[in-house]
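Remarks on the structure that follows.
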2 protein chains.
Amino acid sequence: MATIYDVARVAGVSAKTVSRVLNRDAPVKAATREKVEAAIAKLDFVPSTAARMMRSNRSGLIGLITGAISQTSDQPASHGLPDLVIVQAVQRGIASSGMTVMIADTGGQSDQVAPLVQTFLEHRVQGLIYAADFHQRVALPLVPKGFPLVLANCFDDAGTPAIVPDDRRGQHMLVERLIRAGHRRIGYLTLGRQMVATQLRTEGYRSALAEADIAFDPALVVLAYIDDAKLGSKLLWDAIDRLMSLPEPPTVLCCGNDAMAMRVYGILRSRGLQVPQDVSVAGFDDHRIIAETLYPPLTTVELPYAAIGARAAERLLSLIESGPEEGADAAPTRVAGPVAWRESVLSRTPVVDFKTQGRERP
Amino acid sequence: MATIYDVARVAGVSAKTVSRVLNRDAPVKAATREKVEAAIAKLDFVPSTAARMMRSNRSGLIGLITGAISQTSDQPASHGLPDLVIVQAVQRGIASSGMTVMIADTGGQSDQVAPLVQTFLEHRVQGLIYAADFHQRVALPLVPKGFPLVLANCFDDAGTPAIVPDDRRGQHMLVERLIRAGHRRIGYLTLGRQMVATQLRTEGYRSALAEADIAFDPALVVLAYIDDAKLGSKLLWDAIDRLMSLPEPPTVLCCGNDAMAMRVYGILRSRGLQVPQDVSVAGFDDHRIIAETLYPPLTTVELPYAAIGARAAERLLSLIESGPEEGADAAPTRVAGPVAWRESVLSRTPVVDFKTQGRERP
DNA sequence: CGATGTCATGACACCGATGTCATACTTTTG
DNA sequence: CAAAAGTATGACATCGGTGTCATGACATCG
């Protein structure tokens, strides 16, 4: 590969002048510039970032780590996709600042994190992002303190800048919307209890009910997911059985995610119940390929992975530019996705101003 | 950041000795090594790839480009996921050789390809992979000729090494399997005709029929996809109407992809037809979250994205090591995914040895 | 025992850019 | 018109490692 000296020789100028043409950081006579540009084209010269970096100490690189980071291992290998959406969004955000993203995946081995970080540091990345495959608490990997680092779709106890989905608000908005559509008995089929998302969403579910002065009925909330296809299926059938045979059965079933909602469609149909005429169904994730393809299309809440990735990139860039920010550090940034309202939820002629009525009772 | 000279000073040795400790490329006394290692640890020294690269001229970097590459634009923005699975597989394959992957996404702008390639060249990547979001023909971007380049999930007319899914064989295997299960009237709801995959799969469909001496009936093959939600839905309804009201209707419907199969489930149910008792259904892609979650689980063909990514990485590494390979260059490498046989297809008590019977007829 | 070889280490140049400073040539200005 | 200011360019050191070669200390061998 040609060097700046080759170009200088061919163009009959000094290397420094070629550098000036490349960087436009000092005036160069038009005639000289043309000679240099001709030489560059002729030699297929491409400047070396490595050499450049040696002086400037700025690599223009960002490191992105995906896959298992901490040894939780109580969680199953995920569906494997959401973090990739984050990757894409991060890449776009970073690219818009002229930097380049290097990626590495732990392949599920949390002990791979250390060597990956080392490699990134050797490349002198100017910042690191870690993207998790589902909303979780992680134990921090080893980076030099003060090094720009942002967590996406996860958080830690050390106050590292983090961007996470606002599960609480997402579920709250969904339930609120269901109530506005006239639903009062709202069933909730949850994912595993130990998941961060489940806890937060349950809070959102309850707060929305509370805001509308609807009493929380524990019988309406049922664990309906375990990590085993066969048992999981039975669990879901039983959960629905239990809910639908309540004295006052729910008019809508909120599901822990869209895939569960898809199964619920099938189960309800097998029981002769039509969606949404007999029971409404709502999901979570806005996994488009499911939500839009199901018939009827599924009402759900978007898990804003793209927004999370974009925010993470943004945050990291600002950390790099301005150094560690002062305030507002402790809590993760929560990004709420909108409710995607589709035909799987029936609007029941609502008892107008039910809420006010309730309040007016002494 | 500390340099090798700082380490040398602290350890009381020369820089070169530190280098030797780092690279283990020459004998160093145990006592000296320990002093050096202590100094490295004390200073948090991390060697600079950039400086290293200047002498060795090997960056240890691979460039990966995703998103729109050529200005076809007749194809809609894809579902956006498959290429990310390829990204992950490529990353794993490359990482196993100790190299690092840099990624860039065109964000749908094919005119972004040139600057991205330029950036990669500036970083002195040792090879490039382009991963497309669906099986397609692409027009080559500008890379120095002889530069290691592999296409994944796409191919060009210039004979660039390419890894693509074997759509023909995939569909062939599926149909062959359906025939073995006793099906003779096999409906086929295709994706857009201009898609490479559609053409190849139709060939596979026909060849499997031919092998079994089943006459090809054009009435059984119907275009059922256009890029418009509303019109697409109507098209699919009509297609199914047409197929099911044939004098001899199909006993199984092959769908262009799993999402279509999911819709077909819904449509069939609305018509009072049970899957698979009344009609069997098969998909294509093995989009797990759909295929495994649908009830009944969907028989489909895996689109081996992970394998494609892995093969692409492998191929690129061999190109880098051994230089341009000689023979077997022209045709893309085709990777066939297995048939995922699930409960959406009914095994009809087959007319035993129908095939032989057919042959024996004069 | 001196010649030869191996081990352990250091001095120094070099990779390919850019920053600093010097210099020659122009143009502006009092 | 000379001094001051601006323009265009080059020489050279430098960034942080590694390759080459030299050197001194021992071990081995005929």
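The sequence lines fix the lettering, A, B, ..., with proteins before strands; numbering per chain opens at 1.
One can place CE of M54(B) at 13 Å from P of dC15(D), the figure rounded to the nearest angstrom. Going from atom CD of E34(B) over to atom P of dA8(C) covers 14 Å, rounded to whole Å. R33(B) places its CZ atom 14 Å from the C1' atom of dT9(C), with the value rounded to the nearest Å. For L121(A) and dG17(D), the CG to P distance is 13 Å, given to the nearest whole Å. Rounding to whole angstrom units, CE of residue M53(A) and C1' of dC15(D) are separated by 11 Å. Atoms NZ (K29(A)) and P (dT7(D)) sit 14 Å apart, rounded to a whole Å. As a whole-Å value, the separation of R58(A) CZ from dC15(D) C1' is 15 Å. Atom-to-atom, NE2 of H123(B) to C1' of dA17(C) comes out at 14 Å; the value is rounded to the nearest Å.
Proximity of a side-chain donor or acceptor of R124(B) to a complementary backbone N or O of L121(B) within less than 3.5 Å is detected. Proximity of a side-chain donor or acceptor of T106(A) to a complementary backbone N or O of Q112(A) within less than 3.5 Å is not detected. One N or O on the side chain of Q126(B) and one on the backbone of G60(B) form a donor-acceptor pair closer than 3.5 Å. When atom types are taken as modelled, the side chain of N153(B) and the backbone of A131(B) share no donor-acceptor pair closer than 3.5 angstrom.
Looking at heavy-atom distances under 4.0 Å, N23(A) makes contact with sugar-phosphate atoms alone, never a base. Residue-level contact check: S56(A) touches neither bases nor backbone, having no heavy atom under 4.0 Å from any strand.
Taking CG of L151(A) as the reference point, atom CZ of R137(A) lies at 12.0 Å (rounded to 0.5 Å). For the atom pair NE2 of H123(B) and CG of L61(B), the computed distance is 8.0 Å after rounding to the nearest 0.5 Å.
Taking a pair as Watson-Crick or G-U with both hydrogen-bonding distances under 3.5 Å, the stems of three or more pairs touching DNA chain D are C:1-30 with D:1-30.
Contacts between residues 3-20 of chain A and DNA chain D, defined by a heavy-atom separation under 4.0 Å, are made by V13(A), S14(A), K16(A), T17(A), R20(A).
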For residues 10-29 of chain A, which side-chain N or O atoms pair as donor and acceptor with protein atoms under 3.5 Å away, sequence neighbours left out?
{"from": "S14(A)", "atom 1": "OG", "to": "K16(A)", "atom 2": "N", "distance (Å)": "3.4"}
{"from": "S14(A)", "atom 1": "OG", "to": "T17(A)", "atom 2": "N", "distance (Å)": "3.3"}
{"from": "S14(A)", "atom 1": "OG", "to": "T17(A)", "atom 2": "OG1", "distance (Å)": "3.2"}
{"from": "S19(A)", "atom 1": "OG", "to": "N23(A)", "atom 2": "ND2", "distance (Å)": "3.4"}
{"from": "N23(A)", "atom 1": "ND2", "to": "S19(A)", "atom 2": "O", "distance (Å)": "2.9"}

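A donor-acceptor contact closer than 3.5 angstrom links the side chains of R315(B) and T333(B).
Two residues, S48(A) and V28(B), neighbour DNA chain C, and the one matched to the more 5' nucleotide by heavy-atom proximity is V28(B). Of the two residues near DNA chain D, P27(A) and A51(B), the one whose nearest nucleotide lies more 5' is P27(A).
In this model, a side-chain donor or acceptor of R55(A) finds a partner on the base of dT14(D) within 3.5 Å.
A side chain to side chain contact (heavy atoms under 4.5 Å, CB included) with V90(A) is found for exactly one of L64(A), L316(A), T66(A), namely L64(A).
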